[in-house]
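First up is the structure itself, then whatever we jot down about it.
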Amino acid sequence: ARDFSKKILQIPEIHDILKKTAEICRNRIGKSVENECMDQLIMRWKNDGGVCNPLSLPEGVEIRRWTETKSPLATWLDIVQYGLTEKKEDETFWRECNYHYPCYRPEDCAFFLHNGRPVATITVICDPEKKEGYIHMVAAKPEARGLGIGNLMALYAVQVCRERGM
């Protein structure tokens, strides 16, 4: 896992994403975000047209799309309560978070499992007209931290954007 993390950090786009994300997290520690709109972090990446290398999954980790997951809404709501909400939310919250994006499709959401248990989620929304990809609703349960899943989610998002021509 340590070698995997070192390789990921050598990718300039990933390094910049992680550095900016860490800065935002540091600035928010101890600060209540209740009833506060989170700032949008917008990063631009130009697809160089390169080939997508297959993702190297850490031991015990697998990726499943929304459509491949039993009870995907309940799974998503369970995960996002760790860092994105103050409590476990409901279907209305999910709809409000996602359906205001015209290109959103539930199958854009992926779950990351560790030893068969869903522990993290990311949604990659692609707009083919604008040729833009949007990374949305990224969350991980506490037990997912330190396993390299965050790095894997960033690589997954880049792979999805490349595969869809973004």
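The basis for the numbers below is simple: all heavy atoms, side chains too, and nothing from hydrogens, waters or symmetry mates.
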* May I ask you to decide if the ring planes of Trp66 and Trp94 are parallel, tilted or perpendicular, using 30° and 60° as cut-offs? => parallel
* Asked: Rounded to the nearest 0.5 Å, what separation is found between the CD1 atom of Ile125 and the CD atom of Glu132?
  -> 12.0 Å
* Drop me the distance from Gln81's CD to Trp76's CH2, to the nearest 0.5 angstrom. => 11.0 Å
* Could you state whether Val138 and Tyr82 fall into the same hydrophobic cluster, counting links through intermediate Ile, Leu, Val, Met, Phe, Trp or Tyr residues with side-chain heavy atoms under 4.5 angstrom apart? => no
* Asked: What are the two closest heavy atoms between Met153 and Ala120, and how far apart are they?
  -> SD-CB, 3.8 Å
* Structure fact -> Nearest heavy-atom contact between His100 and Cys97 is CE1-O, 3.1 Å
* Residues in side-chain hydrogen bond (donor to acceptor under 3.5 Å, both in side chains) contact with Glu89, at least two apart in sequence or another chain -> Lys87
* To do: Over all heavy atoms of both residues, which pair between Tyr99 and Pro106 is shortest? Give the atoms and the distance, please.
  => OH-CG, 3.4 Å
* Asked: Would you say Lys141 and Asp78 make side-chain contact, with heavy atoms under 4.5 Å?
  -> yes
* To do: Can you run down the side chain to side chain donor-acceptor pair (under 3.5 Å) pairs that involve residues 105-121, sequence neighbours left out, and say none if there aren't any?
  => Arg105-Asp108, Asp108-Arg164, Arg117-Glu143
* Step by step, work out the side-chain contact (heavy atoms from CB on, under 4.5 Å) result for Tyr134 and Thr123. => CA-CA 8 Å; Tyr134 179 70; Thr123 301; over 6 Å; no
* Indicate the atoms forming the closest heavy-atom contact of Ala139 with Ile79, along with that distance. => O-CG2, 3.6 Å
* Donor-acceptor pair, side chain of Asn98 and main chain of Tyr101, under 3.5 angstrom -> no
* Structure fact -> Rounded to the nearest 0.5 Å, the CZ atom of Arg95 sits from the OH atom of Tyr104 at a distance of 9.0 Å
* Asked: Which heavy-atom pair separates Pro128 from Met166 by the least distance, and what is that distance?
  -> CA-CE, 3.9 Å
* To do: Applying ring pair (Phe, Tyr, Trp, His ring centres under 6.0 Å), name anything that partners Tyr156, two or more places apart in sequence or on another chain.
  => Phe112
* **Distance in Å, Ile63 CD1 paired with Thr69 OG1, rounded so as to fall on 0.5 Å steps** => 11.5 Å
* Asked: Between CD1 of Ile122 and CD1 of Ile149, what distance do you get to the nearest 0.5 Å?
  -> 12.0 Å
* Structure fact -> Output for pair (Leu57 CG, Glu62 CD), nearest 0.5 Å, gives 8.5 Å
